[in-house]
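Structure first, then comments.
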Protein chains: 2
Amino acid sequence: MLRLTKKADYGLMALKYLAEHPETPSVSAKDIADTYGIPAQLLAKVLQRLAKVGLLKSHAGMNGGYALSKAARTITAFEVIHAIDGPLFITSCTKGSKSCDLEPNCTVKEPLARVNESIAAVLKSITVYDLVDHETAVSRAAQLQQLVSLTARM
Amino acid sequence: MLRLTKKADYGLMALKYLAEHPETPSVSAKDIADTYGIPAQLLAKVLQRLAKVGLLKSHAGMNGGYALSKAARTITAFEVIHAIDGPLFITSCTKGSKSCDLEPNCTVKEPLARVNESIAAVLKSITVYDLVDHETAVSRAAQLQQLVSLTARM
DNA sequence: TGAATCCAGACCAATGAGGTCGGACATATG
DNA sequence: CATATGTCCGACCTCATTGGTCTGGATTCA
């Protein structure tokens, strides 16, 4: 179905929340989970992975929590998804290092890999800041669709 | 992980095979499965769905099999994936008709829906014919990436 | 008739996602 | 300094979905 996992969704929501509240030095995972009504422990695990990659800074102890380690503009959706769900491949057989083991004459993957790169490029062009301020993301997506339809017509 | 299912992969491979052999009036599911080394019964079920949707014409009996019902240029990757895996949604909570039931204040989905449409547009711009003749698909994907990077820089 | 093929449904197994539990650790406060 | 509170953190479990198989029936051609 080509959908990204709920964890990635939660991660994006949490980053958006942090970007919306830059004044608070660190917000706990529980607070974010409560505001969105999602399981706290699951969100905690997601945030842990984001902290491990370096997108978030964690602070233990009382009044502890998480904070963005970079500006919201410099965090792309691709980074977040990659950190949580691992490398994204549209083709199901290309799993990291080893390629199609069963079908050596599988020539379908090559063009699909290009499609994969295009999708990655789209995700890289969306930042956490765009999630907060809808206008830029919306207009950018509209532009992209126009461009795509143009190339399809050539 | 944002990957499409193996069934969709198999379907695209089969359509590519049919597009490469336009002279033969009908190819059996077993033949295609043997040439690619994929389970025959699973591919059969995939082809049945494609036939049900109208992308393929089936012919039972001896020397029977499948044939494209349209020109390869007019069959998009989006159609194939949609027929096999159902509607594609990048967000995991939007399932068809009913939207996010738990989080009414989930504002992340809106911009992601635009991203979803962009990806759909990319898939709609790739046809089965493009899978056979790599050049067009490759150059088109390269163009798309350039355009994306341009909009990202604005 | 019989062989080969499509078709439809139920059925099983494994992978991975969603979710939970207990422990380690850091900080605030008396 | 000691304790208690609240957080991070890793391992564990359950269950839905996917990938794949099996059985039986319908259709066509030699």
Side-chain angles (χ1 to χ4, degrees), chain A residues 1-11 13-14 24-34 36-53 55-67 69 81 84-89 91-93 95-96 101-103, chain B residues 1-11 13-14 18 24-34 36-53 55-67 69 81 84-86 88-89 91-93 95 102-103:
Chain A
M1 289 196 197
L2 194 71
R3 57 175 162 71
L4 51 87
T5 64
K6 270 190 180 177
K7 296 181 188 177
D9 265 356
Y10 294 160
M13 289 163 67
T24 58
S26 72
V27 51
S28 74
K30 189 174 180 301
D31 287 349
I32 302 178
D34 286 348
Y36 287 115
I38 59 184
Q41 312 227 30
L42 182 56
L43 177 65
K45 193 154 63 173
V46 171
L47 295 181
Q48 288 163 25
R49 299 194 70 164
L50 292 178
K52 203 166 198 177
V53 175
L55 294 176
L56 291 180
K57 301 190 93 143
S58 66
H59 195 63
M62 290 186 82
N63 297 349
Y66 293 94
S69 64
I81 295 171
I84 297 175
D85 288 342
L88 73 89
F89 287 119
T91 57
S92 55
C93 60
K95 298 179 180 177
D101 35 41
L102 290 177
E103 308 104 68
Chain B
M1 287 193 195
L2 193 71
R3 58 174 162 72
L4 52 86
T5 63
K6 271 190 181 178
K7 296 181 187 178
D9 264 358
Y10 294 160
M13 290 164 67
L18 289 175
T24 59
S26 71
V27 183
S28 76
K30 189 174 180 298
D31 286 350
I32 301 177
D34 286 348
Y36 286 115
I38 59 183
Q41 311 225 32
L42 182 55
L43 178 64
K45 196 150 59 173
V46 171
L47 295 181
Q48 287 166 26
R49 297 192 72 164
L50 292 179
K52 205 168 195 174
V53 175
L55 293 176
L56 291 180
K57 299 191 95 150
S58 65
H59 193 64
M62 288 187 82
N63 297 348
Y66 293 93
S69 64
I81 296 171
I84 297 175
D85 287 340
L88 74 88
F89 287 118
T91 56
S92 55
C93 60
K95 297 179 181 178
L102 288 177
E103 306 104 71

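Residue numbers begin at 1 in each chain, while the letters A, B, ... track the order of the sequences.
The CD1-P distance, from Ile38(A) to dA17(C), rounds to 17 Å in whole Å. Rounded to whole Å, atom P of dG19(D) lies 13 Å from atom CE of Met13(B). dG16(C) atom C1' lies 9 Å from atom NZ of Lys7(A), rounded to whole Å. One interatomic measurement links the two molecules: CZ of Arg49(B) to C1' of dG9(C), which rounds to 13 Å at whole-angstrom precision. With rounding to whole Å, Leu42(B) atom CG is found 15 Å from dA8(C) atom C1'. When the P atom of dT5(C) is taken as reference, atom CD1 of Ile32(B) falls 12 Å away, rounded to whole Å. Look at CG on Leu4(B): it is 14 Å from C1' on dG19(D), rounded to the nearest Å.
Across all non-hydrogen atoms, the minimal contact from Leu47(B) to Ala14(B) is CD2-CB, 3.8 Å. Ile84(B) and Arg49(B) make their closest contact through O-NH1, 3.4 Å (heavy atoms, listed as atom of the first residue, atom of the second, distance). For Tyr66(B) against Leu56(B), the heavy-atom pair with the smallest separation is CD2-CD1, 4.1 Å.
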Original post:
What does nucleotides 5-13 of chain D look like as a protein-contact string, B for base, S for sugar-phosphate only, - for none, at under 4.0 angstrom between heavy atoms?
Top reply: B-SSBBBB-
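Remark: Pro39(A) engages Tyr10(A), Leu42(A) in a side-chain contact (heavy atoms from CB on, under 4.5 Å) (not counting sequence neighbours). Ser58(A) meets the side-chain hydrogen bond (donor to acceptor under 3.5 Å, both in side chains) test with no other residue; sequence neighbours excluded. Remark: Asp31(A) engages Ser28(A) in a side-chain hydrogen bond (donor to acceptor under 3.5 Å, both in side chains) (not counting sequence neighbours). Legend: residues meeting side-chain contact (heavy atoms from CB on, under 4.5 Å) with Ser26(B), ordered by chain and number and at least two apart, are absent. Applying the side-chain contact (heavy atoms from CB on, under 4.5 Å) rule to Asp34(A) yields the partners Lys30(A); only residues at least two apart in sequence or on another chain are considered.
Each end of the helix from dT1(C)-dA30(D) to dG30(C)-dC1(D) gets its own rotation axis from five pairs of C1' atoms, and the angle between them is 10° to the nearest 10 degrees.
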**OP:** Determine, stepwise, if the pair Ile38(A) / Asp9(A) fulfils side-chain contact (heavy atoms from CB on, under 4.5 Å).
**Re:** CA-CA 11 Å; Ile38(A) 59 184; Asp9(A) 265 356; over 6 Å; no
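Tyr10(A) has a side-chain polar atom (N or O) that falls below the 4.0 Å cut-off from OP1 or OP2 of dG19(C).
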